[in-house]
Amino acid sequence: MKDFEQKIEKLKGYLTVGPKKIAVLAHTNPDGDAIGSSLAWAKVLRSMGHEVTCLVPNRYPAFLAWMPGIEEVIVAKEDNGRAVEAIDDADLIFFLDFNRIDRLENLSDHIMGNQKAVRLLIDHHLDPPVEEYALVFSDHTSCSTSYLVYNIAERLTGLDVFDREAAEALYVGIMTDTGNFSFSFLTPGLFRAVAGLIEKGIDIPSINSMVYNSYSEGRVRLLGYVLLKKMKMIEGGRAAYIALKESEMRKFNFQVGDSEGFVNYPLSIASVNMSAMFTETRKFIRISFRSRGDVDVSEFAARYFNGGGHKNASGGKSFDSIAKTVERFEEAVAEFFTEKKLR
Ligand code: 5GP
Ligand code: MN
């Protein structure tokens, strides 16, 4: 706690002298927590008189498009000029919901190029490279970055800075990153924070409906296809994976974010402790890993697929073909399960 208070004091040092130009940057393939924490944090910073631009490398999924303020978020892939300008102009850059600058792909170079900007991190992933930041708020036992933003704002400005819209943004982040309050790190403090958000006037049933019941027909049919035709069980049913080709996605009129969450379905089978999803993109294979209990997919992702994340939810990439990637995956799981005595 003392450490937290010291960091808040340091943060105040950066934010109380003069209005600053601030970029708030969240991760590639932004999810509810990336967007929710960014929008709420931008509000906190603006309340302190700063000029704030929110940026994401590529487009957020359609089920987040209703979020108030999201239209001001610059999508770098679609508006590279403004994104680069915001980064080059920034006095401070906040990194939210991820910790590796190299995960920003084309934006990484610009960030490294802006030597005047102070870099600050607010994140809940494991192993932040602390030397890259002037200040690090990192807590992997926080369910979400949004909950971290809530805690930081409580000490920095007080919770009055959050209006109903900011509370909605934070709730979206918390709800999506906890799998609608079913994953780890569901602390009493978190539920107290949620109570605070409800006091701001958020309407949970309508947020639920906008986030979870707003899929396209294509996505729902794609899910059916994937579960029936594509899910493969390995290791005697202890692990499962889904590999989706671009041609298959096209058949279902695929939109960004449509396969989000598919990776969780195999884990609803009693025997399955680890699940993987491979999605083919033009440049590489995007991989998501999920697990339960002691199966550490962040270790697995780092070791075999140049990735990382959390113990039970990680990701990575492969530049091999999808067939070769899946072959490597099966071998890696066999080795990993043997080594960890999971078979
Ligand atoms: P998702 O499967 O939802 O894309 O990612 C799950 C988790 O793994 C997220 O917390 C995400 O930040 C992390 N993650 C996804 N891809 C990568 C990657 O390529 N490298 C690292 N270090 N983490 C990743
Ligand atoms: Mn998150």
Side-chain angles (χ1 to χ4, degrees), residues 24-41 56-61 63-64 94-105 108 121-129 132 137-151 169-180 183-185 190 241-244 256-267 274-279 281 283-292 295-319 325 329:
V24 172
L25 201 58
H27 58 79
T28 310
N29 303 317
D31 57 10
D33 191 30
I35 297 289
S37 59
S38 294
L39 294 176
W41 187 236
V56 287
N58 61 345
R59 185 151 282 278
Y60 40 82
F63 64 81
L64 298 176
F94 280 95
F95 295 78
L96 263 59
D97 202 34
F98 73 111
N99 59 42
R100 302 244 326 256
I101 295 174
D102 59 8
R103 279 201 67 206
L104 288 172
E105 289 154 31
S108 308
L121 179 72
I122 305 178
D123 176 51
H124 69 133
H125 294 86
L126 288 165
D127 304 328
E132 291 188 24
F137 286 91
S138 165
D139 180 1
H140 78 273
T141 70
S142 177
C143 70
S144 57
T145 299
S146 296
Y147 181 42
L148 274 177
V149 163
Y150 181 95
N151 285 318
L170 291 171
Y171 187 79
V172 167
I174 292 168
M175 177 184 85
T176 52
D177 257 32
T178 58
N180 219 352
F183 302 154
S184 316
F185 310 125
L190 173 71
Y241 68 86
I242 297 162
L244 200 54
V256 180
D258 271 2
S259 59
E260 220 56 51
F262 284 10
V263 65
N264 295 310
Y265 284 88
L267 274 187
M274 176 180 177
S275 167
M277 167 102 199
F278 302 86
T279 349
T281 71
K283 292 193 186 133
F284 54 85
I285 311 293
R286 190 184 150 209
I287 317 174
S288 287
F289 300 106
R290 298 290 186 274
S291 65
R292 53 179 153 198
V295 183
D296 185 344
V297 283
S298 102
E299 184 186 342
F300 182 88
R303 195 193 298 179
Y304 298 104
F305 290 99
N306 197 24
H310 315 271
K311 185 177 170 197
N312 295 131
S314 300
K317 258 180 204 170
S318 162
F319 293 91
T325 302
F329 170 73

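Note that ligands are numbered from 1 as they come in the structure, with each ligand's atoms numbered from 1 the same way.
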If we only count heavy atoms from C-beta on, is the [X] to [Y] side-chain gap below 4.5 Å?
X	Y	result
Leu96	Leu25	no
Glu260	Asn29	no
Met277	Ser259	yes

Atom of Lys311, atom of Leu126 and distance for their closest heavy-atom approach
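Looking at all heavy atoms of both residues, the closest pair is N-CD1, 4.1 Å.
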
Minimal heavy-atom distance between Phe137 and Leu148, with the atoms involved, is O-CD1, 4.1 Å

Of the choices Gly307, Gly308, Ala302, which has the non-hydrogen atom that lies closest to atom 14 (N) of ligand 1?
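Ranked by closest heavy atom to atom 14 (N) of ligand 1, first place is Gly308.
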
Please state which option from Gly315, Gly261, Ser298, Ala301 has its nearest heavy atom closest to atom 16 (N) of ligand 1.
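Looking at heavy atoms only, Gly315 sits closest to atom 16 (N) of ligand 1.
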
To check your reading of the model: name the closest protein heavy atom to atom 19 (O) of ligand 1, its residue, and the distance in Å.
Gly316 CA, 3.7 Å

Please state which protein non-hydrogen atom is closest to atom 7 (C) of ligand 1 and give its distance, to 0.1 Å?
Ala313 O, 3.4 Å

Under a plain distance cut-off of 3.5 Å, with no hydrogens placed, do [Y] and [X] share a side-chain donor-acceptor pair?
X	Y	value
His125	Asn99	no
His140	Asp123	no
Thr325	Ser318	yes

Heavy atom of Lys317, distance to ligand 1 below 4.0 Å
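No, Lys317 has no heavy atom closer than 4.0 Å to ligand 1.
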
Is the closest heavy atom of Arg290 to ligand 1 under 4.0 Å?
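Per 4.0 Å heavy-atom rule, Arg290 contacts ligand 1.
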
Looking at NE2 of His310 and CZ of Phe183, how far apart are the two atoms once the value is rounded to the nearest 0.5 Å?
10.5 Å

Is there a donor-acceptor contact under 3.5 Å from the side chain of Ser37 to the main chain of Ser146?
no

Hey, does the side chain of Asn180 reach the backbone of Thr176 with a donor-acceptor pair shorter than 3.5 angstrom?
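Not a single qualifying donor-acceptor pair exists.
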
Provide the number and element of each atom of ligand 1 under 4.0 Å from a heavy atom of [X].
X	answer
Gly309	8 (O), 13 (C), 23 (N)
Ser288	1 (P), 2 (O), 4 (O)
Arg286	4 (O)

Short N or O distance, Ile287 and ligand 1, threshold 3.5 Å exclusive:
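Ile287 vs ligand 1: no N/O contact under 3.5 Å.
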
N or O contact, His125 vs ligand 1, cut-off under 3.5 Å:
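Yes, there is a polar N/O contact under 3.5 Å.
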
Within less than 2.8 Å of the Mn ion (ligand 2): protein N, O or S atom count:
4

So Phe329 and Phe300, would you call those rings parallel, tilted or perpendicular, with 30° and 60° as cut-offs?
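Phe329 vs Phe300 ring planes: perpendicular.
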
At under 4.0 Å between heavy atoms, is it the side chain or the backbone of His310 that contacts ligand 1, or both, or neither?
side chain

